[in-house]
Amino acid sequence: MTQVNDFSTLPIDLHFDALPAHVAVIMDGNGRWATQRGLPRVAGHRQGAKTVKDLLRCCKDWGIGALTVYAFSTENWRRPMEEVGFLLRLFDRLLRREMVEMQREGVQIRFLGDLSPLPDRLQDLMQEAMAATRHNQRVQFNVAVNYGGRQELVAATRHIAQQVSCGALSLDQIDEETLSRALLTHPLPDPDLLIRTSGEQRLSNFLPWQLAYTELYFTDLLWPEFDRAAFYQALRWYQGRQRRFGGLVAAPIAQGL
Ligand code: IPE
Ligand code: IPE
Ligand code: MG
């Protein structure tokens, strides 16, 4: 009898040594998922939260060390106040509810973005969660909230300019490493794989520097539909890619962490 894969462990046709060390995800399509079902858009966000929770667990189960998800962009403030308010309350509720489990599962959580416009209570919760999990090693979970890639680059440029102006750094010392170090994702390696759901094929201001050489995977599935089987498909696709980094010979797709 053939065994049905329940995806609880790494499927045998995925090579552990060739898994991406860092996966980035633009979780898109929550609103459309809900609208298709005659539900309010926020029902899609609620369902999407379940999807991300399982993807994080899947990364842990399969041995992928870092997951970075785009949860709220600097442009998402343009949405109706009720939707923004719902999302902020959802982050608050999820953080409270999931902290114990994240600790138990060895998740280190970090929030990437300018947290200062968020409600004080949510900021405190986020800081507490980052502090409480900072020594966890199993999976690094980055949640981009009020994140914008261009804003990140502006902030990094200011930081470097300040170092130059106070004499701590000279102009000719500035290289790619200097910039990478000034970004919010430091010290993580750049993502090996980016997944965007819902059929859109754009970056929407997500990690423009870090994705320079990342493999880009687009799927028509809406975010709440993106289950382990879909992640498996994305990883199969990834393992079939040849990463040449400008050369002629394919670099081995190996764990870089
Ligand atoms: C992504 O889903 C979640 C966030 C941006 C918070 P959307 O809310 O963008 O869903 P669509 O794209 O409108 O379907
Ligand atoms: C990108 O999705 C932001 C997040 C997933 C958080 P959007 O739905 O906001 O992107 P656009 O507006 O389609 O570019
Ligand atoms: Mg969208």
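Just so it is clear, the structure is predicted and the values come from calculations on it, not from any experiment.
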Chemist: Using the salt bridge (Lys or Arg N to Asp or Glu O under 4.0 Å) rule, take Arg96 and Asp92 through it: C-alpha gap first, then chi angles, then the decisive distance, then the call.
Modeler: CA-CA 6 Å; Arg96 285 175 198 281; Asp92 193 295; 2.8 Å; yes
Chemist: Within this structure, what is the CD-CG distance for the pair Gln151 and Asn146, rounded to the nearest 0.5 Å?
Modeler: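 CG of Asn146 is found 8.0 Å from CD of Gln151.
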Chemist: Determine the minimum heavy-atom distance between Gly44 and Trp33, stating which atoms define it.
Modeler: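 Looking at all heavy atoms of both residues, the closest pair is CA-CE3, 3.7 Å.
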Chemist: Can you check side-chain contact (heavy atoms from CB on, under 4.5 Å) on Met27 and Tyr70, steps first, answer last?
Modeler: CA-CA 6 Å; Met27 312 184 287; Tyr70 205 7; 5.7 Å; no
Chemist: Measure up the Phe231 and Trp62 rings against each other and bin them: parallel (under 30°), tilted (30 to 60°), perpendicular (over 60°).
Modeler: parallel
Chemist: Please check: side-chain N/O of Asn205 versus main-chain N/O of Arg150, any donor-acceptor pairing under 3.5 Å?
Modeler: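 Yes, Asn205 side chain to Arg150 backbone: donor-acceptor pair under 3.5 Å.
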Chemist: For Pro189, does its backbone N or O pair with a side-chain atom of His22 as donor and acceptor, under 3.5 Å?
Modeler: yes
Chemist: I need the Arg181 CZ to Glu177 CD distance, nearest 0.5 Å.
Modeler: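 Going from CZ on Arg181 over to CD on Glu177, the span is 5.0 Å.
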Chemist: Are Tyr238 and Tyr217 near enough that their ring centres are under 6.0 Å apart?
Modeler: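 Judged by ring-centre distance (under 6.0 Å), Tyr238 and Tyr217 do not meet the cut-off.
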Chemist: On a heavy-atom basis, which atom in Val145 and which in Ala71 lie closest, and how many Å separate them?
Modeler: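 Heavy atoms of Val145 and Ala71 come nearest at CG2-CB, 4.2 Å.
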Chemist: So does Ala18 get a backbone contact from the side chain of Gln239, meaning a donor-acceptor N/O pair under 3.5 Å?
Modeler: yes
Chemist: I need the minimum non-hydrogen distance between Thr197 and Leu222, along with the two atoms involved.
Modeler: CB-C, 4.3 Å
Chemist: Hey, can you tell me if Trp77 and Phe72 have their rings parallel, tilted or perpendicular (30° and 60° cut-offs)?
Modeler: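 The rings of Trp77 and Phe72 stand perpendicular, inter-plane angle above 60°.
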Chemist: Taking only residues two or more places apart in sequence or in another chain, which ones pass salt bridge (Lys or Arg N to Asp or Glu O under 4.0 Å) with Arg236?
Modeler: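 Salt bridge (Lys or Arg N to Asp or Glu O under 4.0 Å) list for Arg236, sorted by chain: Asp13.
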Chemist: State, to 0.1 Å, how close Pro224 and Gln47 come at their nearest heavy-atom pair, and which atoms those are.
Modeler: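 Taking Pro224 first and Gln47 second, the nearest heavy atoms are CB-CG, 3.7 Å.
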Chemist: Yes or no on side-chain contact (heavy atoms from CB on, under 4.5 Å) for Leu19 and Phe16, after CA distance, side-chain angles and deciding distance?
Modeler: CA-CA 5 Å; Leu19 286 174; Phe16 178 75; 3.7 Å; yes
Chemist: Is a side-chain donor-acceptor pair under 3.5 Å present for Asn136 with Thr133?
Modeler: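 Side chains of Thr133 and Asn136: no pair found under 3.5 Å.
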Chemist: Can any side-chain N or O of Arg138 pair as donor or acceptor with the backbone N or O of Asp61 at less than 3.5 Å?
Modeler: no
Chemist: Let me know which of Met102, Glu101, Arg97 forms a side chain to side chain contact (heavy atoms under 4.5 Å, CB included) with Met99.
Modeler: Met102
Chemist: Rounded to the nearest 0.5 Å, what separates atom NE2 in His15 from atom CG in Leu10?
Modeler: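 If we round to the nearest 0.5 Å, His15:NE2 and Leu10:CG are 10.0 Å apart.
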Chemist: Please give me the minimum heavy-atom distance between Leu188 and Ala66, naming the atom from each residue.
Modeler: CD2-CB, 3.9 Å
Chemist: Tyr147 vs Leu184, test: side-chain contact (heavy atoms from CB on, under 4.5 Å). Steps then yes/no.
Modeler: CA-CA 10 Å; Tyr147 172 88; Leu184 297 165; 4.0 Å; yes
Chemist: Between Asp220 and Gly199, what is the shortest heavy-atom contact and its length?
Modeler: OD1-CA, 3.3 Å
Chemist: Report the C-alpha separation of Trp223 and Ser198 in whole Å, then their side-chain angles, then the decisive distance to 0.1 Å, and conclude whether the side chain to side chain donor-acceptor pair (under 3.5 Å) test is met.
Modeler: CA-CA 7 Å; Trp223 178 247; Ser198 88; over 6 Å; no
Chemist: Less than 3.5 Å apart, any donor N or O on the side chain of Arg244 or Gln242 sitting next to an acceptor on the other?
Modeler: yes
Chemist: Counting only heavy atoms from other residues, nucleotides and ligands, does the tally under 6.0 Å from CD of Gln137 exceed 12?
Modeler: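 Atom CD in Gln137 is not crowded, with 12 or fewer foreign heavy atoms closer than 6.0 Å.
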Chemist: To the nearest 0.5 Å, tell me how far Phe226 CZ sits from Ile195 CD1.
Modeler: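 The CZ atom of Phe226 sits 4.0 Å away from the CD1 atom of Ile195.
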Chemist: Around atom CG of Asp175, are there more than 12 heavy atoms of other residues, nucleotides or ligands at under 6.0 Å?
Modeler: yes
Chemist: Quick one: which residue pairs count as a salt bridge (charged side-chain N to carboxylate O under 4.0 Å, His left out) with a foot in residues 195-216, not counting sequence neighbours?
Modeler: Asp28-Arg196, Arg32-Glu200, Glu200-Arg202, Glu215-Arg241, Glu215-Arg243
Chemist: Nearest 0.5 Å, please: how far is CD in Glu105 from CD in Glu98?
Modeler: 9.0 Å
Chemist: Would you confirm whether Gln123, through its side chain, and Ser116, through its main-chain N or O, come within 3.5 Å as a donor-acceptor pair?
Modeler: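 Checked: pair present.
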Chemist: Counting only heavy atoms from other residues, nucleotides and ligands, does the tally under 6.0 Å from CD of Gln162 exceed 12?
Modeler: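 Not more than 12 within 6.0 Å, no.
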Chemist: Between Glu83 and Asn76, do the side chains contain an N or O donor and an N or O acceptor separated by less than 3.5 Å?
Modeler: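 No, no side-chain donor-acceptor pair sits under 3.5 Å.
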Chemist: Taking only Lys NZ, Arg NE, NH1 and NH2, and the carboxylate oxygens of Asp or Glu, determine whether Lys50 and Asp54 approach each other closer than 4.0 Å.
Modeler: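 So Lys50 does not pair with Asp54 through a salt bridge.
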Chemist: So does Arg37 have more than 12 non-hydrogen atoms from other groups sitting under 6.0 Å from CZ?
Modeler: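 Yes - once you tally the heavy atoms of other residues, nucleotides and ligands closer than 6.0 Å, there are more than 12.
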Chemist: Among side-chain atoms of His45 and Asn30, is any donor-acceptor pair under 3.5 angstrom?
Modeler: yes
Chemist: Enter the distance from Asp190:CG to Leu207:CG here, rounded to the nearest 0.5 Å.
Modeler: 9.0 Å
Chemist: As a quick check of understanding, evaluate side-chain contact (heavy atoms from CB on, under 4.5 Å) for Leu203 and Leu194, giving each step before the final call.
Modeler: CA-CA 10 Å; Leu203 296 184; Leu194 170 85; 3.7 Å; yes
Chemist: Apply side chain to side chain donor-acceptor pair (under 3.5 Å) to the pair Glu152 and Gln210, showing each step before the final yes or no.
Modeler: CA-CA 11 Å; Glu152 179 186 35; Gln210 296 90 334; 3.2 Å; yes
